[in-house]
Visitor: 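Below is the structure I would like to discuss, written out as structure tokens.
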Amino acid sequence: MAPLTGPPPHDIAVPQGRTAPPPGGLSGVGPVSGGASGGGPASGGASGGGRASVGVAGVGPVSAGEPGEGGASGLTGPGAVSAGAYAAGAPVRGLVSVGVVALLAATAGLAFDGVFPFAALLPVVGLAAGAPCVLSVLLYGRLPLWGTVPVSVLGWLVAVSATLFRSEAWLGFLPGPAAVRAALLGVRDAGGRLLTTILPAAPDSTAVVLVSFLVWAAALAGAEIALRSRSVMLPALAALPVLAVAVVLGVAGAGSVVPYAAVFAGLTLLLGLVRAARSAGTIAVGVPLLACLVSAAVATAPALPMAEHPYDVRRLVEQPPPRPINGVSALDQVSTWLQNPQRELFTVVTASDANLRLAVLDTFDGVTWTSGAGFVPTGGRVPGQEGGGDPVTQRFTLQRLPGPWLPAADRPLLVKGAGIVVDPATGMLAGTQTREGMTYEVTSGIRRYTAEELRAAVPAADPAALRLPDGPDGRTPPQRARLLALARRATAGAQSPTQRAARLAAYLRKHAVNDVNSPPGHGYRSIEFFLTESRRGTTEQFAASFALLARAIGLPSRIVVGFRPGTGSGSGSGSGGVRQVRGGDVLAWAEVEFEGIGWVPFYPTPSRTRSGGGGDVAEGAPKQAREIEQAINSDSAEPKPTPTAANRATPTPAPRPGGSAGPLLWAAVPAAALLAYLLAVLVVPPLRRMRRRRAAAPAARVVGAWRQTVARLRVAGIPVPADALTAGEVASLAESVLGPAAREPLTTLADLANLATFGGAPVDQADADLAWRHFGGVDALVRQKAGLASRLAHRLSPRSLVA
């Protein structure tokens, strides 16, 4: 070490027979300089009543008193250096800490991303995280804590009144009684509302006031703790409950809370680094390491056991029953629409030629088909088959379409509009206040099927979709036996369930005529008359006949009522123009449910023009559906074993070349960085300790024991500033924290360290062994003082690599 200059440390007891060491001291880090009595610099000592200048914690020199005045080296007490250090560095350290606290509160608030749309969440969280921190900084030193809290609460009421409850506020921003009541009731009821609705909540939902309240409270508590205490990690704990609430409420929402949790953990460590670091270099080294840790956490968290299927607290909440919506059956309205083919029902702006489904009818009572759907509110997402199919966007404007059902292409995934409810089982949409001129937007997933996957498909085990009810008198209707015989005859020679369904649709198209003037009706008797006598009907009878015949031969089925895509500037062009849908565009078709595939549509209604194929041209069938049905119907009639659910082989998709290399690489790099960091913090400190203990010279081993002691004192929260204190001063400061039991080992260690450093007397092997024994005593006291969490945090800190 470089020689130290300045007045001799008067608190060092020199063992008898040894020469006093040269002036100066040792803090375990660097030199201390002293000024001469005449005001100019001097080396090697001071004369007269010179005053020594000692730097504290890197924040500037602190004047020490005259020797013999006010205690050793001018210290008025063991805590004087620590207090001076924090007083000098508090403004900058406090402001930076408050900034990190604001980021922590904002991150916890943004974790509600799966509960509310991000665009609606961002301004609420930004205001709630930043405003209380600014208020706390402005009021610090001017008001006590009991005065700051009411001011901040009033600030929150003004903020929510001016943003979320403007209609109830005075002058649009002042928190009057109505606005305050709405805000408090919103906070109270938001949790229950969010647990009983499909997430995310609507963009204009006032339930977001709960996020504003939680984030504001967390930011206020964290900022006050950061400004008014020296606690390192406690300010971060204020935002932790907010993150926990976001995790609990967001399990059923879209997206993942993992990135927010990882960033929160990284910011927590950053806060600890800012408040505990003794130099800018430590922060400069720690920030990149924290960034690597956050990246590794984001990459590896999805592989955790509970990441894919987290526990949903909604299971503990009694959900309100889905609300049925009563109205005239959509199938009963088919004939009415066909009799008024030019009646304008709605317009749609889309680039897709997909049919638009209106209602799914899955319950038959012998007379009519109805829907067993139960509707729940949604703020946009439609659960069930997220990500399935090709996404298509449609914008609807209602004209003279009677409610309550709302059209949409295939399976809706997202919906934007006021007062819209959804049936999670079928994806049906309905409006609570449908009216002429109502507009809404839907993003649907258009499902695609291949002939290969349908050839091996197995009917789903769905008893409700196979039910053929008895008559009103409880007797089996005679039509059921006739339907079974007709279905078997229509599907004779079919070698697979999908081929039976395809041949059944083809049989109906050839067996009867599409006549829009046919009388309505789809009960047992109407269908029997249609199939055996009149052989003339509308799309209503064709779809109902297919569904009943399919159920008779074990194919679970249901009916869908909808419309063809309409005509207009976008028709057939894919340009996304406005299409007009009229009454004549109404269409009904049937769907059959297959295991692992879902509901597959079949189109049994023949074209009204009877053009091509002897009438076997499906009315409204998309091109893909026609091609698949033709491929299935043309399969060889050679006997093939019928696949069953037990022996059906699940096809394994061939991996795409290089398809997974990119994600794996991005996951491997942060994971390797994390492992390297953990290995470093686990290996470097023990190796450094071993190197110091096994140094070649006894003096080096004594200095190593002292440096190891200084590092351990920091674990106990004892602020040991760099380039500031003599070894004796460090010992005195540590004794005040660890207690009288630390006096002997610390004093002896300090004496030996000064002797070894300045060479005032020879240091032998016995002195080195004594120094390390006393280090063990200090280490035991530190373990008693510092809990396991503090020791672990210090061990994992980047500072442990450079201490």
Visitor: Judged by atom type as modelled, is there a donor-acceptor pair below 3.5 Å linking the side chain of Glu595 to the main-chain atoms of Ala460?
Guide: no
Visitor: Kindly say whether Ile527 contributes a backbone atom to a donor-acceptor pair with the side chain of Gln541 at under 3.5 angstrom?
Guide: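 It does not hold such a pair.
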Visitor: Looking only at non-hydrogen atoms, find the nearest pair between Leu486 and Arg489 and report the distance.
Guide: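 The answer is CD1-NH2, 2.9 Å.
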Visitor: Return each pair, listed once, that meets ring-ring contact (aromatic ring centres under 6.0 Å, His included) where at least one residue sits in residues 408-439; pairs must be two or more places apart or across chains.
Guide: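 Non-adjacent pairs meeting ring-ring contact (aromatic ring centres under 6.0 Å, His included): zero.
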Visitor: Looking only at side-chain N and O atoms, does Ser496 offer a donor or acceptor that is under 3.5 Å from a partner on Thr498?
Guide: yes
Visitor: Can you list everything that forms a side chain to side chain donor-acceptor pair (under 3.5 Å) with Gln624? Sequence neighbours excluded, please.
Guide: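 Expected list: none.
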Visitor: Could you tell me whether the side chain of Glu540 and the main chain of Ser335 form a donor-acceptor pair under 3.5 Å?
Guide: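 Not a single qualifying donor-acceptor pair exists.
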Visitor: Within this structure, what is the CG-OH distance for the pair Leu549 and Tyr507, rounded to the nearest 0.5 Å?
Guide: 8.0 Å
Visitor: Whether the side chain of Asp585 engages the backbone of Arg582 through a donor-acceptor N/O pair (distance < 3.5 Å, no angle test) should be reported.
Guide: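 Yes, the answer is positive, given that a donor and an acceptor are paired below the 3.5 Å cut-off.
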Visitor: In sequence, state the C-alpha distance, the side-chain angles, and the governing distance for Ile632 and Leu454, and then conclude on side chain to side chain contact (heavy atoms under 4.5 Å, CB included).
Guide: CA-CA 8 Å; Ile632 294 174; Leu454 292 179; 4.0 Å; yes
Visitor: Nearest 0.5 Å, please: how far is CZ in Arg535 from NE2 in His511?
Guide: 3.5 Å
Visitor: Would Phe542 and Tyr603 satisfy ring pair (Phe, Tyr, Trp, His ring centres under 6.0 Å), going step by step from the backbone distance to the final call?
Guide: CA-CA 9 Å; Phe542 282 97; Tyr603 296 84; over 10 Å; no
Visitor: Say whether, by atom type as modelled, one donor and one acceptor occur between the side chain of Arg551 and the main chain of Ala465 under 3.5 angstrom.
Guide: yes
Visitor: Could you pull out the closest heavy-atom pair between Leu358 and Pro407, with the gap in Å?
Guide: CD1-N, 3.7 Å
Visitor: Listed by chain and number, what are the side chain to side chain contact (heavy atoms under 4.5 Å, CB included) partners of Ala550, not counting sequence neighbours?
Guide: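 Listed in chain order: Leu504, Phe546, Leu555, Ser557.
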Visitor: For the pair Arg357 and Glu591, find out whether any cationic side-chain nitrogen is under 4.0 Å from an anionic carboxylate oxygen.
Guide: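 A salt bridge is present here (some side-chain N lies under 4.0 Å from a carboxylate O).
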Visitor: Any salt bridge between Glu619 and Arg509, counting N to O under 4.0 Å?
Guide: no
Visitor: Under 3.5 Å, side chain of Asp423 to main-chain N/O of Leu429, donor-acceptor pair present?
Guide: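 It does not hold such a pair.
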Visitor: Quick one: does any side-chain atom of His522 pair with a main-chain N or O of Trp369 as donor and acceptor, under 3.5 Å?
Guide: yes
Visitor: Is the backbone N or O of Gly493 less than 3.5 Å from a side-chain atom of Gln495, with the two atoms forming a donor-acceptor pair by type?
Guide: yes
Visitor: Thinking salt bridges, do Arg448 and Asp410 make one under a 4.0 Å N-O criterion?
Guide: no
Visitor: For Asp515, check side chain to side chain donor-acceptor pair (under 3.5 Å) against everything at least two apart and list the hits.
Guide: Arg536
Visitor: In chain order, what residues pass the ring pair (Phe, Tyr, Trp, His ring centres under 6.0 Å) check against Tyr440, with sequence neighbours excluded?
Guide: Phe396
Visitor: Under a plain distance cut-off of 3.5 Å, with no hydrogens placed, do Gln333 and Thr336 share a side-chain donor-acceptor pair?
Guide: no
Visitor: Not counting sequence neighbours, which residues clear side chain to side chain contact (heavy atoms under 4.5 Å, CB included) with Thr539? List them please.
Guide: Val334, Leu587, Ala588, Thr605
Visitor: For Ala359 and Ala330, work out which heavy atoms get closest and say how close.
Guide: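 Closest approach of Ala359 to Ala330: CB-CB, 3.8 Å.
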Visitor: Does Ser444 use its side chain to pair, donor to acceptor, with the backbone of Ile446 at less than 3.5 Å?
Guide: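 Pair absent, no side-chain N/O of Ser444 close to backbone of Ile446.
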Visitor: Using a strict cut-off of less than 4.0 Å between a Lys/Arg side-chain nitrogen and an Asp/Glu carboxylate oxygen, indicate whether Asp470 and Arg480 qualify as a salt bridge.
Guide: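 A salt bridge is present here (some side-chain N lies under 4.0 Å from a carboxylate O).
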Visitor: Taking Thr538's backbone N and O only, do any of them form a donor-acceptor pair with Asn514's side chain (distance below 3.5 Å, no angle check)?
Guide: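 No: the side chain of Asn514 does not pair with the backbone of Thr538.
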Visitor: Assess the pair Phe364 and Tyr524: is the distance between their ring centroids shorter than 6.0 Å?
Guide: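 Yes, the ring of Phe364 comes within the 6.0 Å limit of the ring of Tyr524, centre to centre.
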